[in-house]
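Heads up, the thing below is written out as C-alpha cells.
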Amino acid sequence: MNHWLFKTEPGCFSFDDLKNRPSMTEHWDGVRNFQARNLLRDEVKVGDLVLFYHSSIPEPAVVGIAEVVREGYPDFTAMDPNAEHFDPKSSVENPIWFMVDVRYVETLPRQVTLERIKANPLLAAMPLVGRSRLSIQPVSAEEWRIILAMGGLEPR
DNA sequence: GCCAACGTTGGC
DNA sequence: GCCAACGTTGGC
C-alpha cells in the first residue's frame, strides 16, 4: 500500500466537496501533466491513501485523507470538447490522460500548513517543499506518519 | 499581481 | 536532439 499527496485548488474542487458527495467519491480528472499521468496510470492503486492538499490559497495545507477506490482509467473529460481540459489528441482508442477515483476518509483535526511542513526538517525531501509543481506526489511511510501526527491523528 | 520554477512546443 | 520561447503553476 502506497501513500500519495494530491493537490487541488479548493475553489475548483475542495475536500468538503468530496465529503459532501452523496457517495463521498469523485473522479480525480483534469490532470494534464505527463509525470502525474504516469503515476495515476501505473502506480496509484486501490486502497492507497492520499493526503488531500489545498493549493493557491493564502494558507496552503494538507486538510484530510482520501482513499483510492478505482485505479487508472482514461480521463473522459479529455475527450469532451466542452470540458475545461479537453485535449483533441486524446481519443477512446488512444487515451492520453488518466484518472483515479477517490473516497473521503477523514478530516484532519488540525490542518498541516505548508509553513509547518517546511519548518519540519524530516519533511524536507517532500517534492512539495522543493517548489515542485507536480500535482500527484509520492509520500513515504515516514512522511505519512509525521504529517498525520502533525494533523492530530493517530497513525493508521 | 508578481515572478521563479519548470514543463511543453516547435524551429532548426 | 538542442534550446529558445512560451505557458502554467503556485507561493508569496
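Throughout, a chain's letter reflects where its sequence line sits, starting with A, and its residues are numbered from 1.
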Rounding to a whole Å, what distance do you find between [X]:[atom1] and [N]:[atom2]?
X        : N      : atom1 : atom2 : result
A:Lys118 : C:dC12 : NZ    : C1'   : 9 Å
A:Ile136 : C:dG10 : CD1   : P     : 11 Å
A:Gln137 : B:dG7  : CD    : P     : 12 Å
A:Arg133 : B:dC3  : CZ    : C1'   : 13 Å
A:Ile57  : C:dT9  : CD1   : C1'   : 15 Å
A:Asp87  : B:dT8  : CG    : C1'   : 12 Å
A:Leu134 : B:dG7  : CG    : P     : 9 Å
A:Leu39  : B:dG7  : CG    : P     : 13 Å

Exercise. Which residues pass the salt bridge (charged side-chain N to carboxylate O under 4.0 Å, His left out) test with A:Arg110, sequence neighbours left out?
Worked result: none
Options [options], nucleotide nearest the side-chain atoms of [X]:
X        : options               : value
A:Leu114 : B:dT9, C:dC12, C:dG10 : C:dC12
A:Asn33  : C:dG10, C:dC12, B:dG7 : B:dG7
A:Phe34  : C:dT9, B:dT8, B:dT9   : B:dT8

For this session: Return the angle between end axes of the helix from B:dG1-C:dC12 to B:dC12-C:dG1, with five pairs used per end and rounding to 10°.
Result: 10°
Exercise. Going from CD on A:Glu59 to CZ on A:Arg116, what distance comes out if it is rounded to the nearest 0.5 angstrom?
Worked result: 9.5 Å
Exercise. Could you state the interatomic distance from CG (A:Leu128) to OH (A:Tyr53), rounded to the nearest 0.5 Å?
Worked result: 4.5 Å
Problem set entry | Below 4.0 Å: OP1/OP2 of C:dG11 and any side-chain N or O of A:Tyr53 | yes
Exercise. Does C:dT9 have OP1 or OP2 sitting under 4.0 Å from an N or O in the side chain of A:Lys7?
Worked result: no
For this session: Measure up the A:Phe6 and A:Trp28 rings against each other and bin them: parallel (under 30°), tilted (30 to 60°), perpendicular (over 60°).
Result: tilted
For this session: Classify the angle between the aromatic ring planes of A:His27 and A:Tyr73 as parallel (below 30°), tilted (30 to 60°) or perpendicular (above 60°).
Result: perpendicular
Problem set entry | Salt bridge present between A:Asp75 and A:Arg32 (N-O < 4.0 angstrom) | yes
Exercise. Is the shortest heavy-atom distance from the side chain of A:Thr8 to the side chain of A:His54 under 4.5 Å?
Worked result: yes
